[in-house]
Structure formats: C-alpha cells, structure tokens
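Okay, so here's the structure we're looking at.
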Amino acid sequence: MKNMRISMAVILLLFSQLLPAATEGELSTGLVNPGYHEKPAWFKESFLDLREDVKEAAAGNKRVMLYFYQDGCPYCARLLKDNFGNPEIAEKTRRHFDVIAINLWGDREVTDLQGKITTEKRFAESLKVQYTPTLLFLDEQGKVVARLNGYYEPDKFSIVLDYVAGKHESEMKLSAYYRQRLAGKAQGRLNSEPFFLPHPLKLADNRRQSWRPLLVLFEQSDCKSYDQLHGDSFKRESLLLALSAFDIAQVDMNSREKLQTPDGRLLPAQDWAEALGLQYAPSMVYFDAEGREVFRSEAWLKTFHLHAVLDYVATGAYLHQTNFQRFVQHRADILREKGFEVDLMR
C-alpha cells in the first residue's frame, strides 16, 4: 500500500508537469480559484520593474498606483465593484494613474524602486502591508505620496484620487486636504458609548493607572460609517466582550479641544489626529501600557475583521505574528474546523 501511494504521487507529479501553466486565478485547465476577483482590463500589464513603471507613467503624465490584494478578500471585491465599477471614478483613475496589481502572497518577481529583485510577497512584507486592499500612490520619483491601508468608500476614495492627481502633496498633507474637502459637511454630535473614558482625556495618566491596552477611536460627526459601528458592531455581545479588554477613548478628529496624549503631550484633538497622519473616520489606534502605538486600523471594517483586530492586540499576538493577515487566516481556519460558519462581511 505504501509503495502504491508513492507511485500514485509520482504519476500525479509527472501529469501535472504536462499541463499548461495556470494563469493567475486559475487552478488548472477549466478550474478557477473561487476567491479570484477579475480586475479591470485597463489595469496595467506590468513586468513589475517598478522603476520602469514610474518612468512610463511620468512620460504619459500619469502616476503609479500599486494595488496590493489577495484572493477571497471581500474588501478587494468591493473596491473593484463599487469604486472601479463607478464610471466617474474609473475614468478619473484611468486618466491619471497606471494601476499595478500586486498579490500579497504572490511569487512573481518584482524589481523594487531601489533596483532590488524580490517577490511580490516579500515586497509587500517590506512595506508592512497589513490590510488588503492597500494602495500606494507614487510620484514621478517613485516616492510614496499617499497610502490607503484598507478599503475607502467611493466618495472618500475619490478625494484621495484628486489629491494625488492634483499633486497637492507639495501644498499640504493628505489629512489636511481631506479635512478641507469635507469642511462643513460634518455636523452634529458624536455617538457616545457608556464604556468610553470621560473627558477631558488624560491618556498618559490613564496609562499609568491601567493594565489594559488603550484603544483611541477617532471619529467625526455625520458619517455613515458610524451607523455600522455604533448601530451594529457595538451592539453585538461578542464584540462588546472583546472591547472589555481595552480602555477606550473617543476623539473628535475636527475638535480643537485639548487632550493629554498617551505620551504626555497636551494637544488639540485635531492636531493629534494630523500628527498621527489620520485622514479616515473612523480610525482606531491602539496603544500599549507604556503609551506606545502598537497597531491601527484606518479604513472601513466589518465586524468580523474589527473583532480580529481587537483579538490581535488584546492577546499580544502582534508581538509574535507581525503579519496581521496570517493571524486572520489562522483565526478563520480554527473557527471553520470547529464547525462555525465564517462570514467575512458580517
């Protein structure tokens, strides 16, 4: 029986070498990866020599947008369908950018911007890509002028396109441009929760008195993303149990109210948000007992992934597994093995 298994393995190996090489998303002839998402035909077909890509884009009066993705990523699917499927956004993107897709786990050869030859997954790792999609916007010298760590809804995504296409990085930070474009639109009060720390916030003092990690929730009023966060996620028992492991502070990103930061500085809330480079609301920034930032999420997340981030920080997993996506995959695998249905978009 043992020899038969070895013979069968050899036959399968030889047979596989006779098959044509599978294209991306294709498992073998006639079979397609069920998690594969078709990309727009107007994405650039690149040899992944990024120095050449930057030069070619500049020659065409465009800039490079690097799109890091993974098969089965629901947020990537949403970016492709809701953002690039929007005719106005698609036209704006095609006019101003060469979009190059890079597989977070891929083995294709990449020549990076310093001329070093690496692979897609090593390149993503070197850039500390923790979420998919992650989008990096490069200027004519290959410098990153904007970075989106996660999915942005179409209206917010369009503002970022305008910022990079208009080369506004020479005038202001993306966070300031974002705030300027949204000026006057944010009205009303923030949604409060009974587990938030009281104001005025004294976060350095809190760090000295508490053993729990600190979660700072940066929000702004009149944002549809809060309907999901406060109206759904914060009402789920399992998520509330995960939140109980944290001290939680709510900060209005547009407020001039002064607060004490975890490292002891006294700053207006708006200035602190800008110093942290935050442009998305809501953003969640996590700090350890010493007041050091250890992780952040600054894009749209459904409850499953929000819960994963909370577990990642609360358990200290970030200290041992620096790749958040591997943590999420392991977590989902365990749930499936125990018979639980894993719905990434819950």
Side-chain angles (χ1 to χ4, degrees), residues 128 130-131 144 146-150 152 156 169 172-180 182-183 186 188-223 225-226 229-230 233-234 242-301 306 309-319 322 324:
K128 301 188 186 312
Q130 297 280 21
Y131 295 96
V144 177
R147 175 171 176 154
L148 307 186
N149 297 313
Y152 278 40
K156 297 179 179 181
E169 72 275 3
M172 65 185 80
K173 293 181 179 179
L174 175 56
S175 55
Y177 181 82
Y178 208 89
R179 188 169 60 250
Q180 184 183 91
L182 294 176
R189 298 173 62 87
L190 300 183
N191 292 306
S192 184
E193 300 290 351
F195 46 79
F196 287 162
L197 293 173
H199 284 239
L201 292 173
K202 297 181 179 180
L203 300 180
D205 293 347
N206 169 266
R207 295 297 79 214
R208 286 191 286 268
Q209 298 168 7
S210 177
W211 54 268
R212 289 180 291 270
L214 171 68
L215 162 57
V216 181
L217 174 61
F218 289 86
E219 299 187 273
Q220 57 188 20
S221 56
D222 193 26
C223 177
S225 299
Y226 306 150
L229 189 64
H230 292 272
S233 297
F234 282 175
L243 287 169
S244 68
F246 293 84
D247 291 324
I248 307 173
Q250 182 188 51
V251 173
D252 185 343
M253 295 175 67
N254 297 319
S255 173
R256 299 304 301 174
E257 176 188 9
K258 287 191 175 182
L259 53 80
Q260 183 194 56
T261 66
D263 60 5
R265 290 174 294 165
L266 191 63
L267 289 175
Q270 185 183 85
D271 293 356
W272 188 34
E274 186 164 333
L276 290 171
L278 301 176
Q279 66 256 357
Y280 186 91
S283 285
M284 298 184 178
V285 185
Y286 298 82
F287 298 85
D288 64 14
E290 279 68 51
R292 295 172 299 217
E293 180 184 338
V294 296
F295 200 66
R296 64 169 64 184
S297 58
E298 44 190 342
W300 183 74
L301 290 179
L306 174 55
V309 173
L310 293 170
D311 288 348
Y312 186 60
V313 176
T315 62
Y318 68 90
L319 295 169
T322 57
F324 174 64

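Because only heavy atoms are used, hydrogens play no part in the values below, and waters and symmetry mates are left out as well, while side chains stay in. Predicted model, so just to flag it, every value in this text is computed and none were measured.
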Met284 side chain near Leu306 side chain, heavy-atom distance below 4.5 Å: yes
Option from Gln130, Lys128, Glu298 for which side-chain hydrogen bond (donor to acceptor under 3.5 Å, both in side chains) with Asn149 holds: Glu298
Pro200 to Glu257 - nearest heavy-atom pair and separation: CA-OE2, 4.1 Å
Residue pair Leu203, Thr261: steps toward the side chain to side chain contact (heavy atoms under 4.5 Å, CB included) verdict: CA-CA 5 Å; Leu203 300 180; Thr261 66; 5.8 Å; no
Closest non-hydrogen atom pair, Pro213 against Ala245: CD-O, 3.4 Å
N/O donor-acceptor pair under 3.5 Å between Gln260 side chain and Ala204 backbone: yes
Residues Glu219 and Gln250: side-chain donor-acceptor under 3.5 angstrom: yes
Parallel, tilted or perpendicular: ring planes of Tyr312 versus Phe295, cut at 30 and 60 degrees: perpendicular
Residue pair Asn254 / Arg179, side-chain heavy-atom distance below 4.5 Å: yes
Under the side chain to side chain contact (heavy atoms under 4.5 Å, CB included) test, residues paired with Val294 that sit two or more places apart: Tyr286, Asp288, Val313, Tyr318
Asn191 to His230 - nearest heavy-atom pair and separation: O-CE1, 3.3 Å
Check: Val285 and Leu278 side chains under 4.5 Å, non-hydrogen atoms: yes
With Glu293 via salt bridge (charged side-chain N to carboxylate O under 4.0 Å, His left out) - residues at least two apart: Arg296
Asp263 bridged to Arg292 by N-O distance under 4.0 Å: no
Lys202, Arg207, Arg208 screened by salt bridge (Lys or Arg N to Asp or Glu O under 4.0 Å) with Asp205, the one that passes: Arg208
Ring-ring centroid check Phe195 Phe234, cutoff 6.0 Å: yes
Parallel, tilted or perpendicular: ring planes of Tyr280 versus Tyr152, cut at 30 and 60 degrees: tilted
Min side-chain heavy-atom separation Gln279-Leu148 under 4.5 Å: yes
CA sep, side-chain torsions, deciding dist, call: Leu215, Leu310, side chain to side chain contact (heavy atoms under 4.5 Å, CB included): CA-CA 9 Å; Leu215 162 57; Leu310 293 170; 4.2 Å; yes
Heavy-atom donor-acceptor pair, Lys156 side chain to Ala299 backbone, under 3.5 Å: no
Glu169 and Tyr177, any side-chain heavy atoms less than 4.5 Å apart: no
Derivation of the side chain to side chain contact (heavy atoms under 4.5 Å, CB included) call for Leu201 and Asn206: CA-CA 9 Å; Leu201 292 173; Asn206 169 266; over 6 Å; no
Check against side chain to side chain contact (heavy atoms under 4.5 Å, CB included), Tyr131 and Val309: CA-CA 11 Å; Tyr131 295 96; Val309 173; 3.9 Å; yes
